[in-house]
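Just so you know, ligand 1 is whichever comes first in the structure, and atom 1 is the first atom listed for that ligand.
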Amino acid sequence: MDWVRGETLGRGSFGTVNLAIPRVKTSASSGTSTPQLMAVKSCCASNFASLINEKSILDEFRDCPEIIQCYGDSYSYDNGEKLYNVFLEYASGGSLSDKLKNSSDRGLPEIQISNYTKGILRGLNRIHKKGFVHCDMKLQNILLSQDGAVKIADFGLAKRIGQASIGFELRGTPLYMSPEMVAGGNQGTPADIWAVGCLVAEMATGAPVWRSTDMAALLMKIGIGDEVPEIPANFSAEGKDFLGKCFIKDPTRRWTAKMLLDHPFLASCQDEDDDIPPPLKDAQVEGPSTSPRSAFDFPDWTSQQSSSLTFSITSTAESSSWFPGGSGSKFGAERVRELVSDQQPDWSVSDDWVTIR
Ligand SMILES: Nc1ncnc2c1ncn2[C@@H]1O[C@H](COP(=O)(O)OP(=O)(O)OP(=O)(O)O)[C@@H](O)[C@H]1O
């Protein structure tokens with residue numbers, strides 16, 4: 001496809017996103033007819049594998065209205081550097097994160113939140129049904145079309161359900177991380193639901209669910225403590241109950257996308273033509289693992305500087321009953337103690353917070 005690179009729309013950890021204008025209306029390599037305006041995500045050689053993986057997952061979701069569409073790919077040269085380009089549906093409405101930042105009030109109206117949430121859950125249900133976990137659900141990754149419809153984007157961290165994370169990788173953004181992910185490195189479909197709860201609460205208050213800037217203390221709170229994110233006081237009873245279902249610490253008891261789509265919180269925006277695929281049977285939660293999978297169990301944290309995180313554990317952590325294998329919390333607590341005393345993980349800053357890759 002012959003195309004021209006337009007203005008920069010944004011930058012992520014793996015590449016840059018620009019407008020792409022096809023010179024002649026034609027078909028990209030996927031065979032899908034291309035629109036007049038697209039977004040193009042481009043990366044250099046070191047990130048080819050990651051973007052190729054993202055494209056291959058997006059290809060599984062052709063014609064899913066709540067998921068950003070992929071129109072094909074190409075290689076190009078820019079100042080002698082080889083780039084891999086993936087052509088995407090252009091979401092001209094920006095992200096939900098932008099929408100929240102631009103709102104004059106603190107938070108969005110509840111009816112708007114429930115409408116967005118319904119679109120998100122419909123998309124997520126399709127993702128889970130196909131056997132994938134998104135692994136990076138956050139407001140920045142929920143884009144909006146010109147008419148305000150939700151488009152789930154950024155599958156750069158997505159994986160197949162049950163697929164082991166390479167090198168015990170800790171994926172996602174700490175603010176949205178589920179307890180089982182922090183404590184056990186267990187990132188199945190329930191982890192996406194926890195993240196949905198976080199972003200719904202964030203839309204309601206205009207602020208992230210966790211306020212802590214002490215990363216180690218935050219991970220400890222999420223992974224080991226009984227605390228769950230605060231439920232917005234200004235939410236309706238249905239909204240509060242909905243969030244309660246997302247914030248069930250035990251991932252085997254947490255509601256699925258399919259279940260949440262039937263929750264009364266979304267009743268007022270239920271469409272006539274709902275066609276929700278059935279949930280996965282066996283794949284909702286990955287089984288217990290004897291391998292070290294905890295966030296605190298990394299053999300390979302990148303140590304950048306010493307003793308920069310200050311944190312103390314004041315009580316003896318109990319094993320969490322929901323944790324697969326039952327002994328992860330104690331181990332996690334010990335690991336945090338080691339971690340904060342002389343190591344700092346490789347936190348890369350993204351949009352006022354950190355994303356772990
Ligand atoms: N299809 C699209 N249409 C319009 N804008 C887009 C599109 N895809 C991405 N963008 C913009 O480009 C930015 C970068 O997107 P990208 O998916 O690379 O990374 P990110 O989600 O922001 O960051 P990270 O990959 O680090 O999580 C987004 O925040 C968004 O503003």
How about Lys99 and Gln112: do any of their side-chain heavy atoms sit closer than 4.5 Å?
-> yes

Nearest heavy-atom pair of Ile57 and Lys159: which atoms, and what distance?
-> CD1-N, 4.4 Å

Test item: side-chain donor near acceptor, Tyr84 and Asp73, under 3.5 Å = yes

If we only count N/O pairs under 3.5 Å, is Ser13 in contact with ligand 1?
-> yes

Applying a strict 4.0 Å limit to heavy atoms, is Lys138 in contact with ligand 1?
-> yes

Distance only, no hydrogens: is a donor on one side chain within 3.5 Å (strictly under) of an acceptor on the other, for Asp98 and Ser95?
-> yes

Only heavy atoms count here, so choose which of Thr8, Asn141, Asn18, Leu144 is nearest to atom 21 (O) of ligand 1.
-> Asn141

Pair Trp255 + Phe242: ring centers closer than 6.0 Å | no

Just going by heavy-atom distances, which of Gln69, Arg11, Glu89, Glu54 is nearest to atom 14 (C) of ligand 1?
-> Arg11

Check each atom of ligand 1 against the heavy atoms of Gly10 and keep those under 4.0 Å away; list them by number with element.
-> 12 (O), 13 (C), 14 (C)

Where ligand 1 meets Asp154 - atom numbers and elements under 4.0 angstrom, heavy-atom basis = 17 (O), 19 (O), 20 (P), 21 (O), 23 (O), 24 (P), 25 (O), 27 (O)

Using non-hydrogen atoms of the residue, decide whether Tyr90 is closer than 4.0 angstrom to ligand 1.
-> yes

Options Ser95, Gly12, Ala39, ranked by nearest heavy atom to atom 19 (O) of ligand 1, top entry = Gly12

Counting heavy atoms only, which of Thr16, Leu37, Val17, Ile68 is nearest atom 15 (O) of ligand 1?
-> Val17

Where on Asp136 is there a heavy atom closer than 4.0 Å to ligand 1, on the side chain, on the backbone, on both, or on neither?
-> side chain

Nearest heavy-atom neighbours spanning Ile231 and Gly244 = CD1-N, 4.1 Å

Residue pair Trp194, Phe247: steps toward the ring pair (Phe, Tyr, Trp, His ring centres under 6.0 Å) verdict | CA-CA 6 Å; Trp194 179 277; Phe247 292 144; 5.1 Å; yes

